[in-house]
Amino acid sequence: MPNAKVLAQKQSDVAALKEKFEKSKLIILTDYRGINVEDITKIRADLRKANCEYQVAKNTTLKFAAKEADLEGLAELFEGPTAITFSYDDYVEPAKVLYNYAKDSEFYKIKGGVMDGKVISVDEILKLAKLPSREMLLTQLATALLANIRNVAVVLDQVRQKQEEGQN
């Protein structure tokens, strides 16, 4: 039986992880086996730019936190070394960062995750990673809207010209 101080620390760790589970829009679990500190540092920096947290935690602590956060179906993902990414704002960018690293590494693997409280598979995370970024989607939308506005202006100008021809 652990002493009171150790037990209190473990309970505090579980409570902190539970809170992160509950406030995250997207959570991605990865197996970081075989990668070095330099690579982990790069991943952390890239994820920080996307307003995400990257944390390594013990599987037993993660299991308790997931259970307390009512995230069923994650327990089987807590095998082997587990790093967890918490995204509070974006769905696509953290998936892109981790996918880009995993595809170039024979060791680093995406295990699965959670999106809006629902457990998702590796395939679903890969689909997210392959979506255009938010900025790209906004650019495409703006381009489409401008094209439509331009088309309306052309049609209105043609209507005006026909009306002028009819008056002459």
Side-chain angles (χ1 to χ4, degrees), residues 2-3 5-142:
N3 69 32
K5 185 177 179 181
V6 172
L7 186 58
Q9 180 60 50
K10 288 182 179 189
Q11 289 171 335
S12 173
D13 292 346
V14 168
L17 282 168
K18 175 188 180 238
E19 183 180 331
K20 290 178 184 183
F21 276 127
E22 291 174 341
K23 40 179 243 198
S24 295
K25 287 185 175 186
L26 178 70
I27 299 165
I28 301 176
L29 303 169
T30 53
D31 182 337
Y32 63 92
R33 189 181 339 223
I35 66 170
N36 59 38
V37 173
E38 182 181 323
D39 292 333
I40 291 283
T41 303
K42 181 181 179 341
I43 291 169
R44 282 182 197 270
D46 290 345
L47 287 169
R48 232 183 331 270
K49 290 176 192 171
N51 196 26
C52 299
E53 285 184 57
Y54 185 82
Q55 181 176 347
V56 172
K58 291 184 175 184
N59 287 328
T60 52
T61 306
L62 288 168
K63 284 178 187 176
F64 282 119
K67 184 176 181 181
E68 284 194 19
D70 293 324
L71 294 174
E72 301 297 323
L74 276 184
E76 62 270 6
L77 299 178
F78 299 131
E79 297 291 328
T82 303
I84 187 163
T85 300
F86 298 100
S87 176
Y88 305 110
D89 300 325
D90 193 0
Y91 297 99
V92 176
E93 198 57 33
K96 281 184 182 304
V97 168
L98 296 173
Y99 167 73
N100 287 334
Y101 190 80
K103 74 178 182 178
D104 295 333
S105 171
E106 66 180 280
F107 302 111
Y108 196 79
K109 303 290 179 232
I110 296 172
K111 295 180 173 187
V114 177
M115 186 167 73
D116 293 329
K118 177 186 171 282
V119 175
I120 59 174
S121 68
V122 174
D123 289 338
E124 290 169 300
I125 293 169
L126 297 181
K127 286 177 186 173
L128 280 174
K130 293 174 183 176
L131 287 173
S133 69
R134 181 176 187 271
E135 291 75 22
M136 180 60 75
L137 287 172
L138 289 173
T139 300
Q140 290 171 350
L141 177 62

| message | Under the rule for salt bridge (charged side-chain N to carboxylate O under 4.0 Å, His left out), what residues qualify as partners of Lys96, not counting sequence neighbours? | response |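 If we apply the salt bridge (charged side-chain N to carboxylate O under 4.0 Å, His left out) test to Lys96, skipping adjacent residues, there are no hits.
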
Side chain to side chain, [X] and [Y], heavy atoms closer than 4.5 Å:
{"X": "Val14", "Y": "Lys10", "result": "no"}
{"X": "Asp46", "Y": "Lys49", "result": "yes"}
{"X": "Ile27", "Y": "Phe21", "result": "yes"}
{"X": "Met115", "Y": "Glu124", "result": "no"}
{"X": "Leu98", "Y": "Leu47", "result": "yes"}
{"X": "Lys130", "Y": "Tyr99", "result": "yes"}

Working to the nearest 0.5 Å, report the span between [atom1] of [X] and [atom2] of [Y].
{"X": "Gln9", "Y": "Gln11", "atom1": "CD", "atom2": "CD", "answer": "10.5 Å"}
{"X": "Asp31", "Y": "Ser105", "atom1": "CG", "atom2": "OG", "answer": "9.5 Å"}
{"X": "Glu53", "Y": "Ser24", "atom1": "CD", "atom2": "OG", "answer": "7.5 Å"}
{"X": "Glu19", "Y": "Glu68", "atom1": "CD", "atom2": "CD", "answer": "12.5 Å"}
{"X": "Tyr101", "Y": "Ile40", "atom1": "OH", "atom2": "CD1", "answer": "7.0 Å"}
{"X": "Phe86", "Y": "Leu26", "atom1": "CZ", "atom2": "CG", "answer": "11.0 Å"}

Could you list the donor-acceptor pairs under 3.5 angstrom formed by side chains in residues 57-67, with sequence neighbours left out?
unit_1	atom_1	unit_2	atom_2	d
Asn59	OD1	Thr82	OG1	2.7
Asn59	ND2	Phe78	O	3.4
Asn59	ND2	Gly80	O	2.8

| With Thr30 via side-chain hydrogen bond (donor to acceptor under 3.5 Å, both in side chains) - residues at least two apart |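 Here the qualifying residues are Tyr108.
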
| Below 4.0 angstrom, N of the basic side chain to O of the carboxylate: do Lys18 and Glu22 qualify? |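 Salt bridge flag = yes for Glu22 with Lys18.
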
| query | Ignoring hydrogens and geometry, is there a side-chain-to-backbone donor-acceptor pair from Lys111 to Glu79 under 3.5 Å? | reply |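 Here the side-chain-to-backbone pair exists.
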
| Has the side chain of Thr41 got a donor or acceptor atom that lies under 3.5 Å from a matching backbone atom of Val37? |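 At least one qualifying donor-acceptor pair exists.
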
| Within a radius of less than 6.0 Å around CD of Glu76, do more than 12 heavy atoms belonging to other residues, nucleotides or ligands occur? |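 Yes.
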
| task | Applying side-chain contact (heavy atoms from CB on, under 4.5 Å), run through Asp90 and Asn51 and close with a yes or a no. | result | CA-CA 8 Å; Asp90 193 0; Asn51 196 26; over 6 Å; no

| request: Check the pair Val97 / Thr85 against side-chain contact (heavy atoms from CB on, under 4.5 Å), numbers first and verdict last. | output: CA-CA 11 Å; Val97 168; Thr85 300; over 6 Å; no

| Verdict with supporting geometry, Phe107 and Tyr32, side-chain contact (heavy atoms from CB on, under 4.5 Å) | CA-CA 7 Å; Phe107 302 111; Tyr32 63 92; over 6 Å; no

| Exercise: identify the closest heavy-atom pair between Ala83 and Val56 |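 Closest approach of Ala83 to Val56, heavy atoms only: CB-CG2, 4.1 Å.
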
| query | Closest heavy-atom contact between Leu128 and Ala95? | reply |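 Between these two residues, the closest heavy atoms are CB-CB, 3.9 Å.
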
